[in-house]
Undergrad: 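Below: one structure in structure tokens.
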Amino acid sequence: MSGLINTVVICAVAALVIARQFSARRIDTDRRWWIVPAVLAFMALRGPGVIDPHHEVEASLLLGTELLTGLAIGAGWGWTTRIWTAPDGAVWSRSTKAAGVIWVAGICLRLGLFGIGVLLGVRQDSSALLLGLAATLLVRSGLLAWRARSLHPSAYERGPAYGDGVAAPAWRKERV
């Protein structure tokens, strides 16, 4: 049952993400952008089927490659997403055709990894794919939040505080 649930979650998240990526979306840098990837990672790691116990080395290598693929896809997707600032100061994003190519390439790479696993006789669970998707979304969301903050760095800094503008003694170290 866990594999079925993971498959449904993967399909639902992928469909939602792909459908939403090509429409203009406001980036809210103050929200918890890491929650969805954390939930996906939790769902992937909650069961014992992540690593095939009969092929631990091969399964671990495939899982590591899946995670690296997910990180690379997330980085590529984050860097190829167009961001801009609206007149009201809000930051918006929309994926480009290059991001679509990265998605297709990522799906092909993941299918290739699955094929390698089949050739090696490694039993593969959907947990590895779920972890890769979590890595992709984590890197993409973090990168977009970072890029959005870089458009208006002063908007995300703290406001003035008591003592601002007063020079500190030269012998005193600043504390963070």
Side-chain angles (χ1 to χ4, degrees), residues 1-81 83 91-95 99-150 156:
M1 184 69 176
S2 178
L4 177 62
I5 291 172
N6 284 353
T7 303
V8 169
V9 168
I10 289 168
C11 291
V13 169
L16 178 69
V17 167
I18 291 170
R20 292 174 52 181
Q21 80 173 342
F22 289 105
S23 62
R25 304 224 6 119
R26 185 177 177 166
I27 299 175
D28 184 13
T29 57
D30 293 333
R31 68 180 184 153
R32 307 277 187 229
W33 50 265
W34 51 268
I35 290 178
V36 171
V39 168
L40 292 175
F42 173 77
M43 289 185 66
L45 296 173
R46 75 181 189 283
V50 178
I51 302 290
D52 183 2
H54 302 292
H55 301 92
E56 288 182 1
V57 173
E58 295 89 350
S60 297
L61 287 172
L62 284 172
L63 178 62
T65 306
E66 173 68 33
L67 288 174
L68 289 175
T69 301
L71 293 173
I73 292 168
W77 184 18
W79 282 112
T80 57
T81 298
I83 63 172
V91 180
W92 291 77
S93 72
R94 180 176 52 214
S95 291
V101 170
I102 288 173
W103 263 98
V104 171
I107 290 170
C108 291
L109 284 171
R110 287 181 168 135
L111 287 173
L113 286 173
F114 183 77
I116 291 171
V118 168
L119 289 174
L120 294 174
V122 177
R123 183 190 61 77
Q124 299 175 36
D125 197 342
S126 59
S127 298
L129 185 60
L130 201 56
L131 274 175
L133 183 59
T136 298
L137 294 177
L138 181 69
V139 170
R140 187 251 184 194
S141 299
L143 192 54
L144 283 181
W146 176 74
R147 286 180 63 201
R149 284 190 184 115
S150 70
Y156 300 102

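None of these values were measured; they are calculated from a predicted model. We count residues from 1, following the sequence as given.
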Undergrad: Considering non-hydrogen atoms only, spot the tightest contact between A75 and V139 and give its length.
TA: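 Scanning both residues, the minimum pair turns out to be N-CG1, 3.4 Å.
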Undergrad: Please tabulate, for side-chain N and O atoms in residues 56-67, each donor-acceptor pair with protein atoms closer than 3.5 Å (sequence neighbours left out).
TA:
residue, atom, partner, partner atom, Å
S60, OG, E56, O, 2.7
T65, OG1, L61, O, 2.7
E66, OE2, R110, NE, 2.6

Undergrad: Let me check something: any side-chain donor-acceptor pairs from residues 99-109 under 3.5 Å, sequence neighbours excluded? List them with distances.
TA:
residue, atom, partner, partner atom, Å
W103, NE1, Q21, OE1, 3.1

Undergrad: If you compare all heavy atoms of A148 against all heavy atoms of I27, which two are closest, and at what distance to 0.1 Å?
TA: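 Of all heavy-atom pairs spanning A148 and I27, the closest is CB-CG2, 3.9 Å.
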Undergrad: Can you name the nearest heavy-atom pair linking R140 to S95, along with the distance?
TA: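 In terms of heavy atoms, the two residues are closest at NH2-OG, 4.2 Å.
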Undergrad: With sequence neighbours left out, write down each residue that passes side-chain contact (heavy atoms from CB on, under 4.5 Å) with W79, or none if nothing qualifies.
TA: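 W79 satisfies side-chain contact (heavy atoms from CB on, under 4.5 Å) with L143, W146, R147 once adjacent residues are dropped.
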Undergrad: Listed by chain and number, what are the side-chain contact (heavy atoms from CB on, under 4.5 Å) partners of I35, not counting sequence neighbours?
TA: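 So I35 forms a side-chain contact (heavy atoms from CB on, under 4.5 Å) with R32, V39.
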Undergrad: Do W77 and L137 come within less than 4.5 Å of each other through their side chains, counting heavy atoms only?
TA: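 Answer yes - side chains close enough.
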Undergrad: Which heavy atom of T136 sits nearest a heavy atom of G70, and at what distance?
TA: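 Shortest heavy-atom contact: OG1-O, 2.9 Å.
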Undergrad: Sequence neighbours excluded, which residues qualify as side-chain contact (heavy atoms from CB on, under 4.5 Å) partners of L68?
TA: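 Testing L68 for side-chain contact (heavy atoms from CB on, under 4.5 Å), a comparison that skips the adjacent residues, returns L71.
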Undergrad: Can you tell me how far apart CZ (R25) and OG1 (T81) are? Round to the nearest 0.5 Å.
TA: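 OG1 of T81 is found 12.5 Å from CZ of R25.
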Undergrad: Measure across A44 and L131 and return the closest heavy-atom pair with its distance rounded to 0.1 Å.
TA: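 Smallest heavy-atom distance, with atoms named: CB-CG, 3.6 Å.
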Undergrad: So, do L120 and H55 sit near enough that their side-chain heavy atoms are less than 4.5 Å apart?
TA: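 They are not in side-chain contact.
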Undergrad: Return the set of residues passing side-chain contact (heavy atoms from CB on, under 4.5 Å) with F42 (not counting sequence neighbours), or none when no residue passes.
TA: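 With sequence neighbours excluded, F42 shows a side-chain contact (heavy atoms from CB on, under 4.5 Å) to no residue whatsoever.
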